[in-house]
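Atoms considered below: every heavy atom in the structure, side chains included; atoms not considered: hydrogens, waters and symmetry mates.
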Amino acid sequence: MGGKDKIVLEEVEIDQRKRRQALQNIAKAVEGKRYVYCPSGWEIFRGQLKYISPFCLGGQLLGLLFMVALFEYFWWKGESMLTFLGAASVASSSMGIFLMLELNRSNSIGLMELEQTCYLNFKQIWCVKMILFGCVDILTLTVLSAVVARSVSCGIFRAAVYLLAPFVVSNMVQLLVFSLLRGRGKEYLQAGAAIACGMASLVPLCNPSWYAAASFGIWVLVLVAATICLIGEMSLIYHKMEEGEILCWN
């Protein structure tokens, strides 16, 4: 050990000016970094739009334009009150099918696992879809209510309730089918449920007294009960998503 030469490291000269400049550049770069990124609600909404099918959203908008054109035709032909109420009830019962098709697409076998693997927030995607389609539904119902109120002497508030009741009931039934059934082919059953609800919405037309002011309270009770059930179903699905139960289904 004593006979070996000691290794002496060569002293490296450091330019203090360049060292300070390099440290300042590093400090500026660090200050420019965002350690915690909290996107705004609009940024989250805009970022999730690319996961929405143009077919479903386009179908929803085309349905709105078709109903406006159809009611203008009824107005031009001078159709009766029952024609307007019947067509509007069927339209309000059927418009939720596009949202359910979109949710089915997100719930397809393999897609949910892919979205989880890519660290996508599945609840965010569903919320954005429901908000977007819900806004289109509200626009459609507002237009239909205004047109029906113009053609029927019941006022826009009563017309809105007459259309909201079958709309909420139909969405409740479709969401129930969505949450209970698993695997492929359930979108056809959901479409069948929407058609069945649309046909059921025509039943009050057999007795026009159902649209009289004396029966308006029944419509309000049906709307409130269906709304409570729909909110309960949505809360249950959200709980299943948080617990991972929906992911295990696939």
Side-chain angles (χ1 to χ4, degrees), residues 41 44-45 47-49 51-53 55-57 59-60 89 91-141 160-161 163-201 218-250:
I44 293 174
F45 186 86
Q48 302 298 335
L49 286 178
Y51 301 113
I52 295 178
S53 168
F55 168 77
C56 293
L57 185 58
Q60 190 86 330
S89 298
S92 61
S93 299
S94 306
M95 67 176 64
I97 188 62
F98 291 103
L99 172 60
M100 295 303 163
L101 290 176
E102 181 64 26
L103 294 183
N104 274 322
R105 193 176 69 90
S106 293
N107 200 32
S108 299
I109 295 176
L111 183 57
M112 184 178 290
E113 289 84 347
L114 175 63
E115 292 177 341
Q116 292 287 340
T117 304
C118 296
Y119 299 101
L120 298 178
N121 192 323
F122 201 66
K123 295 189 292 294
Q124 267 186 15
I125 297 174
W126 277 35
C127 287
V128 169
K129 289 178 178 180
M130 297 186 78
I131 290 173
L132 182 61
F133 281 84
C135 290
V136 178
D137 288 340
I138 291 174
L139 175 62
T140 304
L141 288 171
V161 173
L163 300 185
L164 276 173
F167 170 76
V168 177
V169 170
S170 177
N171 279 272
M172 179 193 69
V173 174
Q174 292 182 65
L175 195 60
L176 181 63
V177 173
F178 175 83
S179 59
L180 291 180
L181 299 181
R182 310 176 186 180
R184 302 179 185 274
K186 63 181 179 181
E187 59 271 12
Y188 300 108
L189 292 176
Q190 285 178 328
I195 294 173
C197 290
M199 296 178 64
S201 67
I218 300 177
W219 289 90
V220 175
L221 290 177
V222 171
L223 176 59
V224 172
T227 302
I228 294 174
C229 293
L230 181 61
I231 294 174
E233 290 179 1
M234 293 173 64
S235 301
L236 181 61
I237 289 179
Y238 185 84
H239 176 72
K240 289 180 178 180
M241 291 173 65
E242 281 198 325
E243 296 295 327
E245 184 176 345
I246 293 181
L247 183 61
C248 294
W249 281 3
N250 286 338

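For Ile228, the side chain to side chain contact (heavy atoms under 4.5 Å, CB included) partners at least two apart in sequence or on another chain are Val224. Looking at residues two or more places apart in sequence or on another chain, you find no side chain to side chain contact (heavy atoms under 4.5 Å, CB included) involving Leu221. In this view, Met234 and Met130, Leu175, Leu230 satisfy the side chain to side chain contact (heavy atoms under 4.5 Å, CB included) rule, not counting sequence neighbours. Residues satisfying the side chain to side chain contact (heavy atoms under 4.5 Å, CB included) test with Thr140, not counting sequence neighbours, are Leu64, Met95, Val136, Leu144.
Exactly one of Ser92, Ser89, Ser94 qualifies for a side chain to side chain contact (heavy atoms under 4.5 Å, CB included) with Phe167. That residue is Ser92. Under the side chain to side chain contact (heavy atoms under 4.5 Å, CB included) test applied with Val169, the options Leu164, Val222, Thr227 reduce to a single match, Val222.
Each side chain to side chain donor-acceptor pair (under 3.5 Å) pair with one or both residues in residues 163-174, not counting sequence neighbours, appears once here: Ser170-Gln174.
When every heavy atom of Glu233 is checked against every heavy atom of Met172, the shortest pair comes out as OE1-O, 3.0 Å. Between Ser93 and Cys197, the closest heavy-atom pair is OG-O, 3.8 Å.
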